[in-house]
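Here the structure is laid out as structure tokens; the discussion comes afterwards.
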Amino acid sequence: MRFSLANLIRQSFAGHQGWPAQWRDAAPKPAYDAVIVGAGGHGLATAYYMAAEHGLRNIAVVEKGWLGGGNTGRNTTIIRSNYLWEESEALYNHALTLWQDMSQVLNYNVMYSPRGCMMLAHNIHDVQVFKRHVHANRLAGIDNEWLSPDEAKAFCPILNTSEHIRYPILGATLQRRGGVARHDAVAWGYARAASALGVDIVQNCEVKGITRDASGAVSGLDTTRGPIATKRVGVVAAGNTSHVMAMAGVRLPLESYPLQALVSEPVKPMMPCVVMSNTIHAYMSQSDKGELVIGAGTDAYVSYSQTGGLHIATHTLDAICELFPMVRRLRMLRSWGGIVDVTPDRSPIIGKTPVPGLFVNCGWGTGGFKATPGSGNVFAHTVATGEPHRINAPFTLDRFRTGRLIDEAAAAAVAH
Amino acid sequence: MTMAARALPPGAGALVSVALVPPATRLSFRGGPDAAEACAAAFGCDLPRRACRAAATEARAALWLGPDEWLLLAPEAETAALVAAIGAGLAAVPHALVDVSHRQVGFAIAGTQAATLLNTGCPLDLDPAAFPVGMCTRTVLAKCDVALWRRGVDLFRLEVNRSFADYVAGYLRVAERGLG
Amino acid sequence: MLLIPCPFCGPRPELEFRNAGHAHVTRNPAVDDPAWAETLFFRDNPKGIMAERWRHVSGCGRFFNVLRDTVSDAILASYKAGEPRPDVPLPGPEGEAPRIGAGDEVAP
Amino acid sequence: MTGEHRLARGGRVDRARPLRFTFDGHAYEGCQGDTLASALLANGVHLVGRSFKYHRPRGFLAAGAEEPNALCTVARDRARTEPNLRMTQVELYEGLVASSQNSWPARGFDLGAVNDLLSPLLGAGFYYKTFMGPRFVKGTTLWAKLFEPVIRRAAGLGVPPKEADPDHYANRFAHCDVLVVGGGAAGLAAALAAARAGARTILCDEGAEMGGALLCEPDATVDGMPAAAWVAATLAELARRGATLLPRTQGFGYYNHNFVALAQRLTDHLPHVPAGAPRERLWQVRAKRVVLATGAAERPLVFPDNDRPGVMLADAARAYLQRYGVKPGTQALVVTAHDAAYRTALALARAGVKIARIVDTRPRPAGPGLEAARAAGLPVTVGGTVVGTTGSLRVSGAMVAQASGTGATDFETVPCDLLLMSGGFTPAVHLFSQSRGKLRFDAETQRYLPGDPAQAQASVGACAGSWGLAAALDEGSAAGAAAAGSGAGRSHAVTGDHAGEGGGILGALPHGRDPARVKAFVDFQNDVTAKDIKLAVREGFRSIEHVKRYTTTGMATDQGKTSNMNSLAIAAGALGRTLPEVGLTTFRQPYTPVTFGTFAGAARDDLFDPVRRTPIHDLAAAQGARFEDVGQWKRAWYFPEAGEDLHAAVAREVRATRAVAGIFDASTLGKIEVVGPDAAEFLNRLYTNAWTKLAPGRCRYGLMLDEPGFVMDDGVVGRLGPDRFHVTTTTGGAPRVLNHMEDYLQTEFPELKVWLTSVTEQWAVIAVQGPRARDIVAPLVEGIDLSAQAFPHMAIREGRICGVPTRLFRVSFTGELGFEVNVPADYAAAVWQALWERTAALGGTAYGTEAMHVMRAEKGYVIVGQETDGTTTPDDLGLGGMVAMSKPDFVGKRSLARPDLVAPGRKQLVGLAIEGRTVLEEGAQITPTADPPVGTHAIGHVTSAYWSPTAGTPIALALVENGRARTGETVFVPMPGGAIAARVVGPVFHDPEGKRLNG
Ligand SMILES: Cc1cc2nc3c(=O)[nH]c(=O)nc-3n(C[C@H](O)[C@H](O)[C@H](O)COP(=O)(O)OP(=O)(O)OC[C@H]3O[C@@H](n4cnc5c(N)ncnc54)[C@H](O)[C@@H]3O)c2cc1C
Ligand SMILES: NC(=O)c1ccc[n+]([C@@H]2O[C@H](COP(=O)([O-])OP(=O)(O)OC[C@H]3O[C@@H](n4cnc5c(N)ncnc54)[C@H](O)[C@@H]3O)[C@@H](O)[C@H]2O)c1
Ligand SMILES: Cc1cc2nc3c(=O)[nH]c(=O)nc-3n(C[C@H](O)[C@H](O)[C@H](O)COP(=O)(O)O)c2cc1C
Ligand SMILES: [Zn+2]
């Protein structure tokens with residue numbers, strides 16, 4: 001049944017008894033044309049586009065837990081595309097374009113809210129780096145503008161633009177199309193749309209092994225719900241990628257770190273946009289429900305524990321209180337962590353691997369939510385055709401051998 | 001260090017006081033065990049071999065800061081003489097002796113609440129059983145690296161890099177308000 | 001916040017340390033490009049016991065190695081840089097790790 | 001009298017100390033010891049707010065931390081305004097001003113209540129299904145411009161403060177042998193046993209008073225003392241034994257390695273806050289052992305319209321009665337699945353509350369409670385259920401029925417103004433679970449209980465699932481003694497134990513009404529009903545984590561303390577699975593919400609991050625310098641004279657320096673003294689250059705790479721002796737470079753006999769640059785021959801200046817004859833003053849970082865971090881000549897041979913010459929054509945751009961693909977107003993032969 005106001009009204013008279021399951025609770029079939037490992041936003045989007053754009057219907061997404069329960073379900077939902085390098089610009093802007101009408105395409109309100117994403121400059125070096133972004137983005141046709149402190153304050157009135165704070169704000173970039181979306185809805189929306197196209201979404205199905213034929217090519221998967229034969233596997237397992245890929249003997253330049261986030265108790269609207277400050281390490285937005293959604297950098301050591309240290313929260317919040325001094329009296333409601341897979345150049349790896357039939361999409365680190373539709377779209381192309389899409393062609397594994405890195409972090413130390 | 005640190009109120013509270021210590025000779029000594037032994041002879045004070053311990057005489061002290069690192073403290077006027085003496089005593093032993101007298105500023109923190117005051121920002125266990133008199137170590141105080149030396153049950157010496165002295169003075173002033 | 005046993009100073013709060021990544025990565029420049037890329041970038045990233053490097057940067061300044069279970073974050077051993085990775089038993093009951101080299105020893 | 005519903009005696013409030021307060025503008029009176037909740041109940045106020053989504057009238061559900069409904073805003077002034085406080089935890093003080101939330105115009109008449117009428121539309125997840133706009137309005141416009149703003153305004157509970165919070169927050173690191181969280185019977189006994197065994201003990205409890213459930217047990221005795229007296233005696237002994245006692249302190253986070261975070265409220269209960277006193281304190285406790293004694297919380301029952309004001313947890317009613325001396329109603333109906341509610345009913349009856357009915361949902365209840373109730377003549381319905389309530393702003397009656405299967409029969413309406421419910425008790429396992437302990441499901445009692453601890457920790461008392469006073473005390477004592485390492489605890493003699501009480505139910509009561517038409521609330525704050533949960537399951541949300549996120553159950557400010565188990569059971573029922581099969585959602589920090597200020601602590605204003613100043617700072621400030629932030633440092637940026645802006649000042653500073661001389665505070669430069677017989681070899685391995693042949697007394701510009709081969713830092717290195725080097729680094733790079741060096745020294749090259757000492761702060765540095773530099777310095781210097789022959793460019797000497805020791809460098813970052821005077825920091829101000837006097841006398845200037853940047857750019861000197869960005873090689877910068885490829889190894893060498901680092905077409909540093917007067921923007925992109933269409937590949941970017949006072953033109957440095965080969969070509973810098981043409985030139989704009997340096 002389509003999601004619409006008319007159907008909602010109709011169902012409200014029928015006690016909402018008529019809504020069908022949003023996706024089929026599929027059990028794994030013995031064989032598929034292709035299997036995606038990991039039902040996060042990226043994996044589900046991949047499957048959706050494989051079905052919708054490449055006509056593959058006999059495919060499955062296998063998920064060790066519940067769909068959307070990885071980083072997709074625990075991220076601070078910042079969306080923007082004002083990256084520096086042309087390769088990144090193309091990738092993230094492809095995603096941003098798909099965000100625009102994702103709700104209608106999926107028939108699921110993902111609440112993409114282009115309320116503007118502001119990044120603060122606190123010193124002359126920040127100004128130089130951010131202006132470089134603005135210029136590069138303009139050339140690439142990506143909106144990103146420079147704001148004076150007063151303009152920044154006008155856009156986000158709660159910002160502390162006093163010249164007398166420890167790190168005064170010297171200016172900011174603003175990407176107006178940047179913003180936030182409802183993270184869970186993205187996973188659910190893709191799951192529902194993919195399932196409707198025939199994709200099997202198999203939850204509680206952990207991949208334990210990748211089997212290969214005599215030629216070394218992928219022949220199937222061992223899972224906690226039995227073996228699955230398939231010649232194409234796309235691994236989109238975020239923080240767990242190293243381990244899934246090791247099952248096929250593929251080593252990756254990844255490390256997995258806890259990344260924490262937290263929300264305040266909900267309050268009436270006080271913040272109209274997203275504000276990020278890399279120099280003092282914190283960012284904040286306000287969800288539609290009213291919580292302030294806050295994050296910062298990763299914990300500093302490899303861990304798979306989805307918790308992290310208290311000192312990360314204290315540093316994050318002292319920075320937030322500095323930028324928004326009226327929030328000191330608001331309270332932290334919940335904090336949590338996710339495990340992010342980080343590459344040496346902080347850019348993803350999307351493409352083929354040395355194992356025929358095995359594809360990988362990983363390394364999104366602290367900032368892959370915004371890329372979800374674009375990443376799924378180009379990875380679907382890659383898995384379906386066996387060759388990378390023009391946009392993900394530069395994001396090879398080989399770049400770590402050649403040195404052709406796409407180093408956003410080095411260029412700007414900007415995350416998310 | 002600028003005005004703020006110099007403007008510390010002298011020994012304000014009865015329960016705890018914070019004061020700057022007078023200028024001093026500070027030498028960073030680096031080397032192996034034999035170097036340390038030779039240095040002790042030239043310096044006139046033991047260089048403790050035990051981790052995180054200080055040795056002191058009337059006018060000198062040697063603080064273990066790392067397995068091959070000691071901070072030597074002596075009166076201000078003795079810098080040149082000590083550098084010469086230790087250099088001569090260790091001519092044949094590989095080592096590093098670097099004058100860091102002006103690198104740091106010393107604070108004396110005294111009073112029954114001294115440890116409590118430090119624990120507003122220092123994450124170490126400063127109970128006398130865990131951090132006895134004579135113990136010393138580098139650690140952190142709020143957002144700053146410090147070296148901490150317990151000279152008495154209620155007396156600590158804090159060494160901080162000079163550009164952080166204002167911060168430390170300001171921090172301790174605020175933290176003192178929050179004791180109680 | 002972890003409690004990290006510095007082999008020189010004993011157990012100390014994480015605030016005094018800086019993590020320095022995987023331990024026992026051998027640096028041999030005389031290899032071909034793929035092998036050099038391994039040295040630079042490719043890591044085991046273990047889910048379980050990991051040998052990692054820490055520096056007691058706000059302490060004795062030493063780099064040293066720690067065996068930590070990356071799932072529970074329990075620390076099983078710490079040892080000096082250059083020493084071989086010790087064999088350790090799995091964490092004991094109640095997650096209390098046997099501690100090796102937990103400090104307070106005489107300087108070398 | 002402090003409220004008409006206050007009992008004449010009993011409870012722990014001080015009737016002799018009445019307190020006035022207002023709620024929604026009405027004045028009331030309570031007394032010392034009240035919470036806002038108990039005081040309002042004493043005044044007969046039950047309606048205290050509106051619910052989140054449907055704006056339904058709500059009252060008090062609980063009496064403590066688990067309260068989901070009764071949220072308010074307390075305001076001392078505009079800045080000290082705090083929304084979303086649980087009224088059950090707000091301690092009353094004289095003059096307290098509180099207001100209700102989420103209603104307009106008043107909580108009694110709230111227009112938002114139309115949502116309740118629309119509620120059939122607004123079920124779980126309705127917003128995912130609509131608001132996408134008609135299909136012809138593409139994109140996200142309608143959502144973002146129309147629907148979202150409305151939804152945002154409707155959501156959000158309280159109004160946030162608008163002004164900066166003026167209060168202070170404190171921090172304390174603490175260590176102990178035994179930390180006890182929870183000061184009820186179990187926690188007190190544990191702390192006492194630990195303290196008696198000599199352990200360093202900390203005991204905290206979130207309540208204003210320690211004692212937990214004992215505070216509501218006027219009839220119990222412990223060791224022959226009334227419970228309250230035992231509490232007082234125990235606290236006194238603990239204090240005597242030196243235990244740290246922390247009331248008003250919640251344990252909110254259990255982290256790795258027995259690190260527990262506590263939040264202590266210090267002043268919120270005071271009518272007048274002492275000036276400067278911290279409002280809250282964060283305790284960061286490292287405990288050898290932790291004892292959790294956090295008790296258990298009662299569960300509501302789920303039945304239609306179970307949310308009206310006056311519907312309350314039975315245990316809460318007992319607390320109001322026995323702790324606060326308040327009668328929460330006049331006519332009570334008790335519906336229970338647990339024996340404890342009988343005690344409440346009896347106590348209420350004794351206090352004169354009419355017990356209209358006790359409805360026991362169990363088919364065959366038994367036990368002393370039931371017997372006592374019957375003996376007291378209270379009407380009891382067994383195997384009953386409640387299928388609805390009446391009333392609007394306060395409950396007026398309950399529809400009682402006999403349960404039969406999933407339905408109900410024999411409906412009757414029983415009038416009441418208080419409806420008490422007891423679904424049983426849920427152990428508070430939050431902290432245990434945060435500590436990574438695995439919970440186990442106890443099928444018999446249908447509870448999740450702590451399993452094996454994952455850290456050095458024990459759970460005791462009600463949070464561990466035990467019931468009864470003696471059990472709590474004895475378990476506590478045993479755990480406390482064990483934690484202190486002293487064997488067994490002791491057993492206690494008690495009366496009023498209630499050990500045999502039990503029972504409980506999970507999920508919804510049967511009601512037999514049309515499930516589509518009734519609302520039986522599970523999560524009161526987020527307005528989640530039983531049917532929402534069933535809808536989620538029907539829609540395929542089969543994981544409890546999905547159910548939580550789709551319905552938002554358990555996600556409100558109470559984090560599901562009263563709702564999680566019921567929603568779990570309802571979901572399990574709908575799924576046809578057992579509870580453990582469905583699993584639990586994750587317990588996360590904090591236990592109850594903690595103010596941001598508590599986390600931030602003292603880190604605000606200048607204490608937010610250390611402000612590092614050089615020893616010359618105050619003098620520069622006195623000379624009028626404006627400063628810029630460089631990392632933590634404040635650096636003099638420029639020295640404006642009257643009326644000058646940045647550009648005018650910089651132009652003057654540059655001209656004066658080039659014409660006469662300038663002095664510049666370079667103290668922030670990183671400095672490392674590298675000492676030892678292997679010092680030169682060490683530098684060979686860390687820098688691209690070769691150092692062995694550098695003679696003592698000479699300097700060299702060094703380039704440092706990271707292991708991937710990219711430029712990481714640079715600086716001048718002077719050799720002071722065969723085994724002693726004075727290394728300088730960039731200001732921002734200093735700690736990173738030292739760490740990098742230590743890393744290689746300690747772990748890759750431990751055989752080298754060399755030691756590194758940071759001397760950044762030992763030496764202040766004053767650069768004296770310009771044609772008259774020697775004239776300025778010479779008269780002040782002793783013991784150094786400054787002549788060009790004796791002291792050439794790139795040399796270093798030790799001697800004295802102004803009578804103090806100096807390391808004098810002859811170096812230049814301006815292209816002029818120059819010296820860098822290093823003096824021990826205490827002497828810097830005096831030396832600066834002396835140099836300044838001579839400089840000023842000659843017509844020179846003090847200059848800041850901006851003029852420094854301009855002058856070095858005129859000379860084509862790079863700044864790491866500006867010309868480089870972590871992807872730049874020495875060759876890219878035209879510094880390939882500084883790379884001694886003949887050395888067997890240095891950090892980064894191997895990587896320089898990687899394919900992309902030797903590939904053609906890399907970006908190279910060039911100069912750009914611009915006609916006209918427009919200064920390019922740093923970061924601007926470079927294209928081969930003037931009007932690049934969107935998507936054009938940029939061949940480079942501008943790294944530095946200034947007006948050059950020396951050249952009288954704008955200048956720029958840029959990284960351009962194949963840049964050196966493009967010399968002479970015209971490239972374009974597209975700007976919003978049109979492209980600017982620039983000619984590719986060499987990067988040196990001033991004195992390319994370097995004659996001035998050597999003067
Ligand atoms: C706290 C936090 C904040 C963040 N904030 C932002 C932000 O503001 N903006 C932004 O753009 N990005 C942000 N990110 C990053 C972003 O969340 C991720 O990059 C993105 O969600 C990754 O999506 P994914 O689908 O690749 O991974 P996931 O959603 O993690 O999905 C991977 C899935 O693979 C499954 N899986 C793993 N191993 C196996 C196996 N063996 N068998 C079967 N299934 C398996 C996992 O269970 C998981 O469901 C944040 C991340 C975190 C943790
Ligand atoms: N309502 C009841 O009748 C009821 C409920 C539970 C237990 N009991 C009785 O109480 C006794 C059990 O005592 P107990 O000590 O186990 O429980 P308790 O409820 O008496 O004490 C628990 C204490 O822990 C505190 N607390 C909970 N979480 C906290 C946190 N995170 N930080 C700080 N403090 C926190 C609470 O404020 C409370 O004071 C038994 O006699 C039992 O029968 C009675
Ligand atoms: C954008 C965003 C908003 C959230 N808002 C809330 C909230 O209002 N209440 C809540 O309890 N949790 C909220 N959460 C946190 C989730 O409850 C949960 O902690 C997170 O998805 C991680 O899952 P876990 O804690 O179960 O591991 C939010 C999470 C995100 C990503
Ligand atoms: Zn150490």
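Letters A, B, ... mirror the listed sequences (proteins, then strands); counts begin at 1.
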Top contributor to chain B interface from [options] [non-hydrogen pairs under 4.5 Å]:
options	value
D:F608, D:F173, D:W763	D:F173
D:S667, D:A170, D:A825, D:G676	D:A825
D:S758, D:A603, D:A277	D:S758
D:Q284, D:R724, D:R286	D:R724

Subject >> Among D:V675, D:D723, D:L683, D:V674, the one residue meeting side-chain contact (heavy atoms from CB on, under 4.5 Å) with D:V754 >> reply: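 Of the listed options, the one satisfying the test is D:V674.
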Original post:
For B:S163 and D:E761, does a side-chain donor sit closer than 3.5 Å to a side-chain acceptor?
Top reply: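 A pair is found: one side chain offers a donor N or O, the other an acceptor, under 3.5 Å apart.
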[X] side chain to [Y] backbone, donor-acceptor under 3.5 Å:
X	Y	result
B:N119	B:L124	yes
D:T806	D:N822	yes
D:Y827	D:G803	no
D:R635	D:V630	no
B:T79	B:A77	no

Which answer fits [X], side chain, backbone, both or neither, if we ask what part of it has an atom under 4.5 Å from a heavy atom of chain B?
X	answer
D:A764	neither
D:N171	both
D:W283	neither
D:R200	side chain
D:L282	neither
D:P677	side chain

Subject >> Non-hydrogen atoms of B:I86 and B:C39 that approach each other most closely >> reply: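 In terms of heavy atoms, the two residues are closest at CG2-SG, 4.0 Å.
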Subject >> B:F29 and B:L90, any side-chain heavy atoms less than 4.5 Å apart >> reply: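 Touching, per the 4.5 Å side-chain cut-off.
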Under 4.5 Å, counting heavy-atom pairs only, tell me which of [options] racks up the most with chain D.
options	answer
B:P94, B:P123, B:A80	B:P123
B:E69, B:K143, B:Q104	B:K143
B:C122, B:P23, B:C144	B:C122

Is [X] close to chain D through its backbone or its side chain, or both, or neither, when contacts mean heavy atoms under 4.5 Å?
X	value
B:V100	both
B:L118	neither
B:S28	side chain

**OP:** Salt-bridge test for D:D678 and D:K753: reply yes if a basic N is under 4.0 Å from a carboxylate O, no otherwise.
**Re:**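 No salt bridge links D:D678 with D:K753.
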